[in-house]
Amino acid sequence: MRRPWQQAQRSALILAGFAAAATLLLGGTWLATHRIVAANELAAQSALLAQTLPAASFDNVLPASRQPLPPAIQQAFGSREALAFYTARRQGRVSGLVFENVAPDGYSGRIRLLIGLLPDGSVYAVRVVKHQETPGLGDYIEIARSEWARQFDGKGAANLPTWRLRKDGGDFDYVSGATVSARAVTAAVGRTVAAFHHYRAALLPRDTP
């Protein structure tokens, strides 16, 4: 019969063995998959970015063009979080910009967005990247759920709308019973367009038409 300290020692050794095996398993899994995961994430990011600008309007790798927004400009975007933007080029000429922005006031928290703008400042497309809105109610802001986000397309240059929902005196539709999500996204898109127009000279190269 083992003494208590011998039993404790045996239990400790067994636990240490399990911990070592788990560490090796997790480490091995990470080594075997991290490059695949990174490649998949890059592919997903590239696909989402590509949805925000006209097809074949750029020939550079958009994720590689990512730049942080200068703090002074970021303030105009209305976000306390660090933001970035992507520059699309075709044969070296700028053909569009894609801005990250965050609507901080969604029904269930932050709503992360990608907003593609043409050089004249008009919206080409808006995509919701991440949110925690109510499934089946507030998630209609996703393009995979509804066409709601398409109403921003083409707005922001000659056609400057009031960036609010119709029930608030603006120009954008919403789904009854789920206005908070739409209101937050609409306001964030409006701030992005306004900031772009204000800082256009700083964000675009001088040779941009």
Side-chain angles (χ1 to χ4, degrees), residues 45-70 72-79 83-103 111-131 140-166 168-175 181-209:
Q45 184 186 30
S46 297
L48 199 57
L49 284 167
Q51 292 179 28
T52 62
L53 292 172
S57 68
F58 56 93
D59 53 18
N60 61 319
V61 180
L62 277 183
S65 72
R66 189 177 190 271
Q67 304 174 64
L69 270 178
I73 298 178
Q74 180 181 310
Q75 191 173 10
F77 279 68
S79 174
L83 301 176
F85 68 103
Y86 306 79
T87 304
R89 297 177 184 275
R90 176 126 182 118
Q91 298 180 343
R93 302 290 297 272
V94 174
S95 56
L97 297 172
V98 184
F99 292 94
E100 298 175 355
N101 206 348
V102 179
I111 302 171
R112 297 185 178 279
L113 305 167
L114 287 176
I115 301 157
L117 302 184
L118 301 179
D120 66 358
S122 60
V123 175
Y124 184 77
V126 174
R127 293 291 181 268
V128 173
V129 178
K130 187 176 182 181
H131 70 88
Y140 69 93
I141 55 177
E142 289 182 41
I143 198 68
R145 305 289 182 186
S146 81
E147 297 289 299
W148 177 81
R150 294 197 190 281
Q151 64 185 312
F152 299 116
D153 299 357
K155 304 293 195 304
N159 180 4
L160 275 174
T162 301
W163 298 98
R164 293 195 294 271
L165 303 185
R166 293 192 192 284
D168 300 329
D171 293 320
F172 295 94
D173 292 325
Y174 59 97
V175 171
S181 311
R183 183 181 288 130
V185 172
T186 301
V189 175
R191 288 195 298 272
T192 302
V193 172
F196 172 79
H197 282 285
H198 190 77
Y199 291 101
R200 186 175 186 277
L203 292 167
L204 289 174
R206 292 183 178 179
D207 61 346
T208 303

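Each residue takes its place number in the sequence, starting with 1. Both backbone and side-chain heavy atoms feed into the values below; hydrogens, waters and symmetry mates do not.
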Can you name the residues that form a side-chain contact (heavy atoms from CB on, under 4.5 Å) with Ser122, not counting sequence neighbours? Leu118, Asp120, Ala157

Would you indicate whether the side-chain heavy atoms of Leu203 and Thr87 approach each other to under 4.5 Å? no

Minimum-distance pair of heavy atoms, taken over all atoms of Ile111 and Ser181: CD1-O, 4.1 Å

What one should report as the nearest heavy-atom pair of Ser95 and Phe58 is OG-CB, 3.9 Å

Residue list, salt bridge (charged side-chain N to carboxylate O under 4.0 Å, His left out) with Arg90, at least two apart or on another chain: none

CG-CD distance between Asp173 and Gln151, expressed to the nearest 0.5 angstrom: 5.0 Å

Here the pair of heavy atoms bringing Phe85 nearest to Leu97 is CD1-CD2, 4.1 Å

Under the side-chain contact (heavy atoms from CB on, under 4.5 Å) test, residues paired with Gln75 that sit two or more places apart: none

Can you list every pair that meets salt bridge (charged side-chain N to carboxylate O under 4.0 Å, His left out) and has a residue in residues 149-161, with sequence neighbours left out? Glu147-Arg150

Partner of Ile115 under side-chain contact (heavy atoms from CB on, under 4.5 Å), picked from Val98, Val185, Val126, is Val126

Applying side chain to side chain contact (heavy atoms under 4.5 Å, CB included) to Leu117 and Val123, what does each step give before you reach the verdict? CA-CA 5 Å; Leu117 302 184; Val123 175; 3.7 Å; yes

Check Leu53 against Ser57 and note the closest heavy-atom contact, atom names and distance. CB-OG, 4.0 Å

Sequence neighbours left out, what pairs pass salt bridge (charged side-chain N to carboxylate O under 4.0 Å, His left out) with at least one residue falling in residues 46-58? none

With no hydrogens and no angle check, is any side-chain donor or acceptor of Gln51 less than 3.5 Å from a backbone partner on Leu48? no

Can you tell me which residue among Gln74, Arg112, Arg66 is in a side chain to side chain donor-acceptor pair (under 3.5 Å) with Glu100? Arg66

Check the pair Phe99 / Leu83 against side chain to side chain contact (heavy atoms under 4.5 Å, CB included), numbers first and verdict last. CA-CA 8 Å; Phe99 292 94; Leu83 301 176; over 6 Å; no

Where the side chain of His197 meets the backbone of Gly156, is there a donor-acceptor pair that is under 3.5 Å apart? yes

Working to the nearest 0.5 Å, report the span between CG of Leu114 and CG of Leu49. 5.5 Å

Between Tyr174 and Ala182, the two heavy atoms sitting closest are CB-CB, 4.1 Å

Walk me through whether Leu62 and Ser46 qualify under side chain to side chain contact (heavy atoms under 4.5 Å, CB included). CA-CA 7 Å; Leu62 277 183; Ser46 297; over 6 Å; no

By side-chain contact (heavy atoms from CB on, under 4.5 Å) - contacts of Val175 (at least two apart): Tyr140

Going by salt bridge (charged side-chain N to carboxylate O under 4.0 Å, His left out), name the residues that satisfy it together with Asp59, two or more places apart in sequence or in a different chain. none

Which pairs with one or both residues in residues 181-199 pass salt bridge (charged side-chain N to carboxylate O under 4.0 Å, His left out), sequence neighbours excluded? Asp168-Arg183

Using modelled atom types only, decide if a donor and an acceptor are shared between the side chain of Asn60 and the backbone of Ala88 within a distance under 3.5 Å. no

Would you please test Leu113 and Val128 for side chain to side chain contact (heavy atoms under 4.5 Å, CB included) and show each step? CA-CA 5 Å; Leu113 305 167; Val128 173; 3.7 Å; yes

Partners meeting salt bridge (charged side-chain N to carboxylate O under 4.0 Å, His left out) with Arg164 (sequence neighbours left out): none

Ala195: what forms a side-chain contact (heavy atoms from CB on, under 4.5 Å) with it, not counting sequence neighbours? Ala76, Phe77

Among all residues two or more places apart in sequence or in another chain, which pass the ring-ring contact (aromatic ring centres under 6.0 Å, His included) test with Phe172? Phe152, Trp163

Any donor-acceptor pair under 3.5 Å from Asn101 side chain to Gly78 backbone: no

Contacts of Arg127 that satisfy salt bridge (charged side-chain N to carboxylate O under 4.0 Å, His left out) - sequence neighbours left out: none

Spacing of OG1 belonging to Thr186 relative to CG belonging to Asp171, to within rounding of 0.5 Å: 10.0 Å

